[in-house]
Amino acid sequence: MIKRIQEIAQEAEQKIAEAKDNEELSKLQILYLAKKSELMSFMAKMKDMNQEERASFGEVMNSVKNKIQTKIDEKRKVLKDLAMEHRLKKEAMDITLPGENYERGAKHLFQKVVDEVSDIFIGMGYQIEEGPEVELDHFNFELLNVPKDHPARDMQDSFYIDETHLMRSQTSPVQARVMLSKNGVGPIKIISPGKTFRRDEDATHSHQFGQIEGLVVDENVRMSDLLGTLELFVKKMFGEKRKIRMRPSYFPFTEPSVEVDISCFECGGKGCSLCKHSGWIEILGAGMVHPNVLKMCGFDTKKYQGFAFGVGIERVAMLRYGIDDIRRFYTNDMRFNKQFHRE
Amino acid sequence: MIISLNVLSQYVDLKNLSVEEIQNKLTFSGLEVEGVEFLASGTNLVIGQILEVKEHPNSDHLHVLKVDEGSFGIHQIVCGASNVKVGLKVIVAREGAKLPNNVVIKKSVIRNVESDGMCCSLLELGVNKALLNEKQCAGIEELENDAPVGETEVLKYLGLDDVLLDINVLANRSDILSIYSLAKEVGALFHRKVSIPSYTIPSDKKTDFSVSSLTNGCPQFAFRVIKNIRVKESPEWLKRVLRSEGIRSLNNVVDIGNYVMLLTGRPVHMYDLDKIGGKQIVVKDDYKGPFVALDEKTYDLIPSDLVVSDGKNPLCLGGIMGSLSCAVDENTKNVGIECATFLSHLIRHTSSRLGLSSDSSARFVKGIHPCNEKEVIHLLSYLLKELAEGKEFEEPIYYDARKKEEVVIPCSYSYINERLGTAFNKEEMKEVFDAFEIRIEEKDEDQFLAYPPKQRIDLRCDADLSEEIFRTIGLEKIHATLPISQITLGGQKDHQKKKRILREYLVDKGLVEILTYTLISNAEDQKYFTLNRDEPWKVLNPMTVDHQVVRRGLLASVLNVLRYNKAHQMEDLAIFETSLIETKASSYDELCIALSGKKYLRGNLETKKYDYYSIAGLLYGILDLFGIKEGRYRLEKLTDPSFHPGRSVQILLGEECIGVCGQLHPRLLEEEDLSEVYILDLNLSALMNVRISPLKMSAISKYPSIYRDYALVAKKNVSGKMLLDGIKKISPLVTDASIFDIYEGENIGPDVRSIAIRVTYSCFEKTLKDEEINVVEEKMFKIFETLGCTLRK
């Protein structure tokens, strides 16, 4: 009997080794370890044995049983690993193919610049103010110290709608509106981005274009504060290494007025084609708010001073991103618009 | 303004100042030098004489010359010009000479023949081609026979040692448009001596002319009769000065008029006295009728045009152009000279109405020196005497009805320092005022009164004085500071924030933002759907008909962008624009989204055509983004010729339509040559103004929900929303209902569709039992029945 048991054990081991899948293993489990299996049927014979025999027979049976079970379990694991290996191989993909599309679209470059500039000034405590594009002559000119019959009001320069209305030629009327709304009490710190309109059209001029206007009105505001503010802005917008310089200029609503140049970010000031070999690029106009403007907008010029500046949105973008023609902003060729999707 | 440094240096000492120094100083004091033109340039030049001309042995067009260069000896030069000949005096660029365009002359061997130097044309010295004749352009310059051989100051000898500065005169500094004033300005800036000549030509007799003005438009008129002049060619120096300013020389009398205008900034006019009827000059503004000007064209004058007349007939369109009838010509013997003041805005109106402008009118428009007419009359007299042999000078007549108001500006030294952020002491500032002839009368240690010189019409208030300090000594003394001011809270207003969040949201969803023109054509404005039908604003003076109307909606512009991109092979587009819309009756922000073609889900491997549900999804997404819940708005069928009647809705807030969403009408698309386009057009302001309840947590039931699915056969006119709304109203235990399958097909008949709905039941107090749900279900089935739906078991 023991011999038969040994034979069965050997046979079982061999079959387990040869088993190809779990199904076969389950069959072998039944064949060898089920109660009714030949091997287990020997257990029935134990009741005819004396205690000593029973003990040693039991031991043999147990060890055979355990061995077979262990072999089956081991084999199961091997098969499982194999199956996993097989599955992984089968599941392998061409990982070079495109993934699902989660790409962002793109902000328009114009808006992107407005957002960036706005954020810089919001961080410095400025409010964003907007105003109408169909503007009253009163705000667009009169309150900005450009009286009737001033040459800057020439029909040739602005789009007039009727006697009193025109397409605003600058974002400055927003200044006047905000000042009036404050009833002569400062401080005011605003920037006003927006669309403006002038009768002009070529590679660097569009009849519609954008401006960002800044205004600070408070007690003790100085020209040096204007310089410091613009320096901060320019460094944030064009890089920490930029320097700025002022050149005297003229605008009816500021006095003194200046044009502000920044050191060329292409060549660092050595001179290149971008800066026309001067090392400097004209970037914005600015000045101390003219006392007439403050007075007309309800501020006491003995107490309050102010500075204002204006920068062209497309000009900033054209310089920074190397854009050759202002009309690209308004053509909306997707090959252009999509280029500026990154933050 | 173009100014010759040679001319300028006659009135202000420019010794030892380099062109670069002058350029920089002017630019940084508000007189930007935009261009510098050397009439000619070249170093190591000498006047030589050709002693010998031989043909070059290895060339059919080159010559080998022997040139006498005076003290520099005789040199052999290979030259290609065809006009070389023995005895000709020429300009030689010697070894080491630097010519324009970075040309440097070196000793060289040209086809085996040594050449030491170059014979030059004026072109090679950088002289503007426009100033040269054909012969001068084709060959080397042929100097006069008496040219001094060995002379090294060749450019000076030729009168070409001049530099022209192109100065951008700012609109408030029209006083600078005068050589005398510019000389004063430069003198003040460099602390150099200025010498402006002054002349008095006494009268030989009284005049029998009279002058008067019947209009406020001409408050001042100076006139003098000068007899027995001779009209002839101007001297070379005068021609040269005028040429450098771009003025053509006509004859000495006309040239003198222009020259005086350049010097003094005052436009003057000269009449042929013998062509004037009568002895009176009357300025009027009530003339009506034709006027033949010097340009031989006829202009129709109307009252308000300023006319200088002989009492009846016009002699001159004041400040703009003289009449042909009394023009100075080669036979003129006696002249009347005029120096008057015509008001700027009247000149501007007349000039732009007639499309007629002149140097004179341009100066009146910009603003002229207010009171130098006496100097001008005497300067004119002097020049007519010297250059036109004028003999009889009658007594000048000065008509003057101007109010004499002296400009006094109260100011203080501390004000200027506080405005600029500088710390100048009063001596430093006084020095500047003194240099610019601004008289200071001190009231105490700090306060003073300033009296600017008459021609400085730009100096009117204390801020103007701060600018004088700023532009002269202030620029380099201002150091960057930041405003010391109260803390202000920076930021955007609510609607600005919302708009930005919306734009970020759409960009995140893969849409591309566009920017289009606010002004569109009348046709575009009329053709397409817009959210409002208010009367639009229209521009009176458009540049083209394409940009004439202030748009009432964005659809036309968005379609233009689709069309442009389609024409450039880009048909799969998802774009949007937000913009202010203004009409005579309203003003609000609008959003317009357009979807067309397909969406790329995974490269080209998986794509999906945009359809109604794509655009509807964006609508729901935006409503959700703004926290506008169902029930706050209604969607209703849209009837508009621009939209597909079965695939579009209008969005209503109360009774107001605030947007549309859907497919554009196929007929419209056909006309536009576009494929399917889906549009969402929203009045953003209306959406952003919807008051929404603040965010607060809502309770979550701790008991499990129960889900049951129902399959219905419903008529096609029963919408999904009708069913779901019906179900949700039944009981508070129904917490959600959604459609998860729809089937339409022949198997179930043509007019119906099968709809599968999953309903969620839940309760905050307990786990629901089947019986409780069954009760609710019964009610629900009744509702299905009233909607004409049958339940599929």
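We use all heavy atoms of the structure for the numbers below, so side chains are in, but hydrogens, waters and symmetry mates are not. Each chain gets a letter, A, B and so on, in the order the sequences are listed, and its residues count up from 1.
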Report task. Starting from the C-alpha separation in whole Å, work towards a yes-or-no answer on side-chain contact (heavy atoms from CB on, under 4.5 Å) for B/Leu475 and A/Arg245. Result -> CA-CA 9 Å; B/Leu475 262 184; A/Arg245 72 174 189 192; over 6 Å; no
Requested in this report: Test side-chain contact (heavy atoms from CB on, under 4.5 Å) on B/Ile484 and A/Arg222 and set out the steps.
Outcome: CA-CA 10 Å; B/Ile484 304 160; A/Arg222 302 156 296 175; 3.9 Å; yes
**Report entry** side-chain contact (heavy atoms from CB on, under 4.5 Å) between A/Gln208 and B/Leu519, worked out
**Finding:** CA-CA 9 Å; A/Gln208 176 179 326; B/Leu519 295 172; 6.0 Å; no
Query raised in the report: Quick one: CZ on B/Arg503 to NZ on A/Lys112, what's the gap to the nearest 0.5 Å?
Result: 11.0 Å
Query raised in the report: For the residue pair B/Trp537 and A/His165, does the interplanar ring angle fall in the parallel (under 30°), tilted (30 to 60°) or perpendicular (over 60°) class?
Result: tilted
Query - Pairing residues for A/Glu282 by the side chain to side chain donor-acceptor pair (under 3.5 Å) criterion, not counting sequence neighbours - result: A/Arg247
Query raised in the report: Going by residue number, which parts of residues 114-123 of chain A are within reach of chain B, meaning a heavy-atom gap below 4.5 Å?
Result: A/Asp115, A/Asp119, A/Ile122
Requested in this report: Spell out, as yes or no, whether a donor-acceptor pair under 3.5 Å connects the side chain of B/Arg419 to the backbone of A/Glu255.
Outcome: yes
Report task. Could you grab the distance from atom CE of B/Met543 to atom CD of A/Glu201, nearest 0.5 Å is fine? Result -> 5.5 Å
Query raised in the report: Quick one: OG1 on A/Thr331 to CG on B/Asn560, what's the gap to the nearest 0.5 Å?
Result: 11.0 Å
Query - Nearest-0.5 Å distance, CG of residue B/Leu506 to NZ of residue A/Lys107 - result: 12.0 Å
Requested in this report: Run the numbers on B/Glu32 and A/Ser249 for side-chain contact (heavy atoms from CB on, under 4.5 Å), then give the verdict.
Outcome: CA-CA 9 Å; B/Glu32 189 187 357; A/Ser249 188; over 6 Å; no
